[in-house]
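Below is one structure; the comments refer to it alone.
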Amino acid sequence: MLRNGVKKLTLQTSSAAIGFTSLLSAPDFLHYSRDHRTVYKVLEACRLSSDYKAASAIHTRIFKLGYGTYPSLVASLVSTYLQCDRLLLARKLLDQVFRLDFNVVIVNLVIEHLMGLGEYGFAKKCFHKTPVQDVITWNLMIGGYVRNGRFEEALSFFREMLDSNVEPDKFTFASVMTGCARLGAINHALWVHRLMTEKEIELNPILSSALIDMYSKCGRIQTAKEVFNSADHSDVSIWNAMINGLAAHGLPFDAIAVFSKMEVENIFPDSITFIGILTACSHSGLVEEGRKYFNLMSSRYSIEPQIEHYGVMVDLFGRAGLLEEAYAVIEAMPVEPDVVIWRALLSACRIYRKPKLGEVAIANMSCLKSGDYVLLSNMYCSMKRWESAEGVRELMKKKGIRKIRGRSWIELGGVIHRFKAGDRSHPETEGLYKVLDGLIQRAKLEGFLPQTDLVLMDISEEEKEGNLNHHSEKLALAYGILKTSPGREIMISKNLRICHDCHNWIKLVSKLLIRVIIVRDRIRFHRFEGGSCSCEDYW
DNA sequence: ATAGGGTTAG
């Protein structure tokens, strides 16, 4: 996906920046140009198309013109070399530049580019080799780790920063809060919020949105509401954060109420507002409301639906079992449907067992990810079409695609404990498996039947059961039960969507132990209490 | 003739 993005950008940038290519090559053009801005534009076009040859010609030219210490030019050259796999050249260039004049702006730009490329390990090396780091260097590291999904590393950089002589600022906190949000780590969140208050960092719309989002994603929707109520309401982003938070918590009517309040306060919704409202409707099966708001979007607010909005609509109809309508959305949309759209349809085909349409979806997907094969295989398994499921499994093997392992984590006493499916690496493995096995036995006595039909494997029923019993969310939950006092609420987070078996099982556990259990999966919150879930089994 | 960072999203 990233690749596609880069490619698209390349085409646009090179044609816009160097509209002269039909007449002159980039280096030829530069021969006539002394303006560093133009040099930069051409160089960026080379970088985006990984044109090593042209870049090295420009390199010479830059030094000839005496621009050898210009931050943007050097940084662009360095990352062009990196993109062309000329690691040594990149390093040599940096050494040479810093011998002339060390400049922290250059380092920062290089780190920014590296983070954009997903090369956070490399960025870290740059960071540590640099003699001086300023607040922006730190922020780039923290923000870069967050954007690359490495939240815990981001937080440890933040802790290191607090020990350094550089003070965090509002930019730092915006990134750190996003990291806490994505981790769903409430103790970290509370700590960060307190720190931000202590440091007298004033809330602006961005920080308020991040704060609302952080509390929502850490399960504290009430606190999120309080932040929202006391925040300055003039910016649409805080409304969006609130609406999306309510949507994730399965509170569609609250989300709609907030949306209606926007009208009263004269705040104009934007396209993200509608993603939130439509998602809220979709996750709760509010088909008519969803349809209404989708229409209102363009008719009343003149916001043209984007591919994302069509995606939610396909999802909304699909989840509700209206497969024809979901397909009609795809056929009628004015933009080319992408993989996410087809994936939403495939997911609905899995739930409602529509293999024909599911195969249409698969056929239209340009690049299949691990999860798509699993959906397809699950669809066949649920219909007992074992040969077809086996075919999918063979295909995965042939293509070297492995099932993404589920991961769950739980924050206890400010420490995050992670578990993979079947994990035995935690120091307290023995204790937690004892708790887990005990619960599994109790559930069995209560008549709980494991749902083995979706296990993607050609193995015996008994093995399938074992497989299900050690799903990561069960491990994290068992660990939480082991380490907390009875009656305490437990929250765990998961990287994928919760499976049916775990969902049923946790419902039962919440009843047996008389405890509130909250699971935040990739899509939304599930709040289990007294044997039922807040999602009402619609997810 | 030079310059860098943050939120909400299918």
Side-chain angles (χ1 to χ4, degrees), chain A residues 34-40 62 65-76 101 103-113 115-116 133-144 146-147 168-179 181-182 201 203-214 216-217 224 228 231 235-248 269-283 290 294 305-316 318-319 329 333 337-345 347 522-524:
Chain A
R34 308 189 53 83
D35 174 23
H36 69 268
R37 283 169 216 279
T38 315
V39 178
Y40 177 74
I62 285 172
L65 288 168
Y67 297 158
T69 56
Y70 277 36
S72 50
L73 291 175
V74 177
S76 181
D101 177 21
N103 186 334
V104 69
V105 179
I106 295 180
V107 177
N108 291 350
L109 281 166
V110 170
I111 290 177
E112 194 197 356
H113 279 149
M115 285 301 190
Q133 297 112 349
D134 66 6
V135 62
I136 297 178
T137 325
W138 283 100
N139 289 350
L140 284 166
M141 291 307 293
I142 295 167
V146 170
R147 258 175 291 121
D169 62 6
K170 55 183 177 177
F171 294 87
T172 324
F173 279 99
S175 295
V176 172
M177 285 196 284
T178 309
R182 304 291 285 277
I201 298 207
L203 289 181
N204 61 18
I206 291 177
L207 289 176
S208 296
S209 313
L211 194 56
I212 292 165
D213 182 56
M214 178 171 76
S216 303
K217 289 207 167 74
F228 172 75
D235 195 286
V236 68
S237 64
I238 78 148
W239 295 84
N240 291 347
M242 191 70 249
I243 288 173
N244 281 299
L246 292 165
D270 65 7
S271 66
I272 298 173
T273 320
F274 282 99
I275 300 270
I277 287 291
L278 296 174
T279 308
C281 295
S282 162
H283 289 348
F294 183 76
Q306 299 161 344
I307 195 153
E308 289 85 350
H309 301 97
Y310 289 105
V312 189
M313 292 312 282
V314 172
D315 196 45
L316 181 140
R319 279 166 192 265
V329 171
M333 54 193 270
D338 63 5
V339 277
V340 187
I341 299 262
W342 291 112
R343 189 170 291 142
L345 185 69
S347 167
R522 202 169 56 76
I523 306 283
R524 59 166 293 154

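Every value quoted in this text rests on a predicted model; they were computed, and no experiment measured them. Letters A, B, ... are given to chains in the order of the sequence lines, protein chains preceding strands, and every chain is numbered from 1.
A:I341 comes within contact range of at least one nucleobase, with a heavy-atom separation under 4.0 Å. Across all strands shown, A:V135 has heavy atoms under 4.0 Å from base atoms, whether or not it also approaches the sugar-phosphate. At a threshold of 4.0 angstrom between heavy atoms, the contacts of A:I272 include nucleobase atoms, whether or not backbone atoms are also involved. No contact: A:F173 has no heavy atom under 4.0 Å from any strand. Here A:T172 lies out of heavy-atom contact (under 4.0 Å) with every strand. In this structure, A:I206 reaches the bases: a heavy-atom distance under 4.0 Å links it to at least one base atom across the strands shown. Among the atoms of the strands shown, base atoms are found under 4.0 Å from some heavy atom of A:S237. Contacts of A:I212 with the nucleic acid, taken as non-hydrogen atoms under 4.0 Å apart, are absent. At the heavy-atom level, A:D235 lies nowhere under 4.0 Å from the strands shown. Using a 4.0 Å heavy-atom criterion, one finds that A:I136 contacts the bases of the nucleic acid, with or without backbone contacts as well.
Put simply, the side chain of A:S209 and the base of B:dT8 share no donor and acceptor less than 3.5 Å apart. Within 3.5 Å, no donor on the side chain of A:N244 pairs with an acceptor on the base of B:dG10, nor the reverse. The base of B:dA3 lies outside donor-acceptor range of the side chain of A:Y70, with no N or O pair under 3.5 Å.
Nearest nucleotide to the A:S175 side chain, out of B:dG6, B:dG10, B:dT8: B:dG6. In the set B:dT7, B:dT2, B:dG10, B:dT7 carries the atom at the smallest distance from any side-chain atom of A:T178. Listed candidates were B:dG10, B:dT8, B:dA3. Nearest to the side chain of A:E308 is B:dG10. In the set B:dA1, B:dT7, B:dG10, the nucleotide with an atom closest to the side chain of A:I307 is B:dG10.
For A:R37 and B:dA3, the shortest distance from a side-chain N or O to OP1 or OP2 is below 4.0 Å. Within the structure, every side-chain polar atom (N or O) of A:K217 is placed at least 4.0 Å from both OP1 and OP2 of B:dT7.
A:F274 meets the ring pair (Phe, Tyr, Trp, His ring centres under 6.0 Å) test with A:F259, A:Y301; sequence neighbours excluded.
The closest side-chain donor-acceptor pair between A:D134 and A:T137 falls under 3.5 angstrom. Donor-acceptor pairing under 3.5 Å is lacking for the side chains of A:N240 and A:S237.
Residues A:D213 and A:A241 share a closest heavy-atom pair of N-CB, 4.5 Å.
Straight-line distance from the CD atom of A:Q306 to the P atom of B:dA9: 14 Å, rounded to whole Å. As a whole-Å value, the separation of A:H283 NE2 from B:dA9 P is 11 Å. Distance CD1 (A:I243) to P (B:dG10): 14 Å, rounded to an integer number of Å. Taking atom OH of residue A:Y40 and atom P of nucleotide B:dT2, one finds them 15 Å apart after rounding to whole Å. Rounded to whole Å, the distance from CG on A:D315 to C1' on B:dG10 is 7 Å. One atom, OH of A:Y310, and another, C1' of B:dA9, lie 17 Å apart when rounded to the nearest Å. Look at CD1 on A:I62: it is 14 Å from C1' on B:dA1, rounded to the nearest Å. If you measure from atom CZ of A:R522 to atom C1' of B:dG10, you get 10 Å, rounded to the nearest angstrom.
Residue A:Y40 holds its OH atom at 11.0 Å from CD1 of A:I62, rounded to the nearest 0.5 Å.
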Please table the atom pairs, donor to acceptor, closer than 3.5 Å between any side-chain atom in residues 275-283 of chain A and protein atoms at least two apart or in another chain.
from: A:T279; atom 1: OG1; to: A:I275; atom 2: O; distance (Å): 2.4
from: A:S282; atom 1: OG; to: A:D315; atom 2: OD2; distance (Å): 3.2
from: A:S282; atom 1: OG; to: A:R319; atom 2: NE; distance (Å): 3.4
from: A:H283; atom 1: ND1; to: A:R319; atom 2: NH2; distance (Å): 3.2

